[in-house]
Asker: 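Have a look at this one.
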Protein chains: 2
Amino acid sequence: MRILIVEDTPDVAEAASASLGRAGFACDVAPTLADAHACAGITGYAAIVLDLNLPDGSGRDFLRERRRAGDRTPVLVLTAQFSVDERVAALDDGADDYLVKPFDLRELEARLRALTRREAGRAENRMVLGGLDFDPGAQSLRVNGAAVTATRRELALLNLLIANRGRIMPKDRLFDGLFGFENADVGTNTIELYVARLRKKLAGSGVSIETHRGLGYRLDLDG
Amino acid sequence: MRILIVEDTPDVAEAASASLGRAGFACDVAPTLADAHACAGITGYAAIVLDLNLPDGSGRDFLRERRRAGDRTPVLVLTAQFSVDERVAALDDGADDYLVKPFDLRELEARLRALTRREAGRAENRMVLGGLDFDPGAQSLRVNGAAVTATRRELALLNLLIANRGRIMPKDRLFDGLFGFENADVGTNTIELYVARLRKKLAGSGVSIETHRGLGYRLDLDG
DNA sequence: GCCAAGCTGTCATCAAGCTGTCATGCGGGC
DNA sequence: GCCCGCATGACAGCTTGATGACAGCTTGGC
């Protein structure tokens with residue numbers, strides 16, 4: 001799950017990026033509208049966090065342009081004041097949610113989880129599949145009822161695979177979802193590595209990750 | 001499905017070629033207009049990805065020439081800036097779609113699929129025929145409801161045959177769709193080989209691949 | 001601030017399975 | 001009957017993925 005944070009205050013952007021990173025999201029930060037356009041053009045995002053007040057224009061323009069271009073990526077808008085007008089305007093422009101600054105990082109995290117969840121067509125956070133019980137909010141994983149510890153990257157990968165359950169996910173797509181731009185130089189071998197680590201932890205759960213040579217990986221129930 | 005990528009930046013061309021290759025397209029790369037003309041003269045393409053800014057001229061000239069010569073191959077144009085003028089001009093010249101650089105490889109893939117699909121007159125990606133259910137986007141194949149694993153080449157061949165369902169496809173045409181120039185020295189026997197492999201996997205699906213001696217192969221419902 | 005523990009990603013090596021060639025056999029057409 | 005085109009099994013090369021070991025770095029405890 002890759003997130004774009006459009007925010008020009010370094011402190012806020014950094015804090016949000018760190019917090020969301022811990023929560024299993026891969027984050028890219030864009031301090032200007034121009035950067036935001038560039039990022040959104042290069043890769044797809046599971047959601048966008050958009051500050052309205054930016055040095056080179058209003059986030060509303062960015063939002064409107066994206067929507068006009070047919071992009072339906074969930075957007076969470078950050079507003080400075082709790083003005084009903086501004087709030088309504090943002091939603092009219094196509095925002096999916098808003099948060100008033102200053103905000104609690106945990107709330108940002110929770111709302112983003114709700115947005116990406118909604119996109120995947122799920123009503124609740126928890127995902128149960130076979131003997132596997134995964135809650136991305138609590139970052140908790142259970143296999144056949146027993147709690148299993150997994151690292152951030154492992155959970156992020158699992159999250160992606162479950163969200164695309166039954167579909168073959170190309171390795172580069174998984175890579176995009178796991179790493180932001182600042183980690184672009186990481187070897188693609190790491191995906192194979194984490195798949196191997198995940199497989200060990202999922203052993204006996206009735207869920208497995210199939211390899212499709214030259215195509216990618218697919219998570220699904222056994223059999 | 002064979003694609004011509006006219007792009008002079010090696011990184012971009014390579015990334016696109018790799019990504020599309022995984023998606024089941026056979027790609028040729030032409031770094032100059034001269035190369036592009038040569039390739040387009042030698043073989044037909046399901047679509048052309050055309051960068052406008054090339055070392056030996058503008059892609060627009062290439063596009064205009066092709067259209068004037070009566071070629072209706074779908075063309076997706078890559079533009080550097082999001083300029084409305086340039087965009088309109090490209091569409092006027094006969095482009096079918098455009099993408100602003102930098103772009104997301106997934107989007108390129110999706111748009112090409114849309115273009116080639118449109119050419120085949122289908123509205124949806126998924127193809128259902130008898131007991132056969134094939135989704136080229138997810139690279140997933142089901143026979144009578146059961147998932148069947150197939151390799152990249154097998155899927156590419158199936159894709160071609162289904163897209164031309166009911167029509168006899170000459171072997172050299174299938175060959176062109178499966179292999180780019182860099183594989184030009186592959187024996188034509190390989191087509192027979194992959195037809196045989198596909199037949200095994202499609203057994204009992206109600207769909208079969210008929211041999212027409214000296215003419216080619218035809219995929220259709222039994223009976 | 002220091003230290004320990006564990007997470008991360010690289011490398012090298014090994015295994016798997018895809019790919020295309022070859023050889024052989026079959027069957028239709030002339 | 002002969003020839004040509006196609007079918008198919010076996011095989012070797014090679015790309016791609018799997019996996020164990022390791023070093024650097026981050027993180028959290030004290």
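Note that this is a predicted model, so its numbers are computed, not measured.
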Asker: What residues, two or more places apart in sequence or in another chain, satisfy salt bridge (Lys or Arg N to Asp or Glu O under 4.0 Å) together with A/R66?
Answerer: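 So A/R66 forms a salt bridge (Lys or Arg N to Asp or Glu O under 4.0 Å) with A/D71.
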Asker: Provide the start and end nucleotides, 5' to 3', of the part of DNA chain D that has atoms under 4.0 Å from heavy atoms of chain B.
Answerer: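 Contact boundaries, 5' end first: D/dG5 to D/dG9.
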Asker: What pairs with B/F62 under ring-ring contact (aromatic ring centres under 6.0 Å, His included), at least two apart in sequence or on another chain?
Answerer: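 Partners of B/F62 by the ring-ring contact (aromatic ring centres under 6.0 Å, His included) criterion, ordered by chain and then number, come out as B/H37.
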Asker: Suppose the criterion is salt bridge (charged side-chain N to carboxylate O under 4.0 Å, His left out): which pairs have a residue in residues 130-140 of chain A, not counting sequence neighbours?
Answerer: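 Listed by first then second residue: A/R126-A/D133.
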Asker: Any chance you could list the contact pattern along nucleotides 18-30 of chain C? Use B for base contacts, S for sugar-phosphate-only contacts and - for none, protein heavy atoms under 4.0 Å, 5' to 3'.
Answerer: SBBBBB---B---
Asker: So if I take the C1' atoms of five pairs at each end of the helix from C/dG1-D/dC30 to C/dC30-D/dG1 and get each local axis, what angle do the two axes make, rounded to 10 degrees?
Answerer: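 Its terminal axes enclose an angle near 30°.
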Asker: Show me the pairs that pass side chain to side chain donor-acceptor pair (under 3.5 Å) and involve residues 169-184 of chain A, at least two apart or across chains.
Answerer: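 Sorted pair list: A/K171-A/E192, A/D172-B/R22.
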Asker: Mind jotting down which residue pairs meet the ring pair (Phe, Tyr, Trp, His ring centres under 6.0 Å) criterion with at least one end in residues 151-208 of chain B? Sequence neighbours excluded, please.
Answerer: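 The answer is B/F175-B/F179.
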Asker: Name every donor-acceptor pair, under 3.5 Å, that has one atom in a side chain of residues 144-153 of chain A and the other anywhere in the protein, sequence neighbours excluded.
Answerer:
| from | atom 1 | to | atom 2 | distance (Å) |
| --- | --- | --- | --- | --- |
| A/N144 | ND2 | A/G204 | O | 3.0 |
| A/T151 | OG1 | A/E154 | N | 3.4 |
| A/R152 | NE | A/G21 | O | 3.0 |

Asker: Flag the pair A/I162 / A/L219 as yes when at least one side-chain heavy-atom distance between them is below 4.5 Å, and no otherwise.
Answerer: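 They are in side-chain contact.
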Asker: According to salt bridge (Lys or Arg N to Asp or Glu O under 4.0 Å), who are the partners of A/D35, at least two apart in sequence or on a separate chain?
Answerer: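 With neighbours one apart ignored, the set is empty.
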Asker: The criterion is side chain to side chain donor-acceptor pair (under 3.5 Å); which residues satisfy it with B/R197, sequence neighbours excluded?
Answerer: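 None.
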Asker: For A/R165, check salt bridge (Lys or Arg N to Asp or Glu O under 4.0 Å) against everything at least two apart and list the hits.
Answerer: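 A/R165: salt bridge (Lys or Arg N to Asp or Glu O under 4.0 Å) contacts with A/D220.
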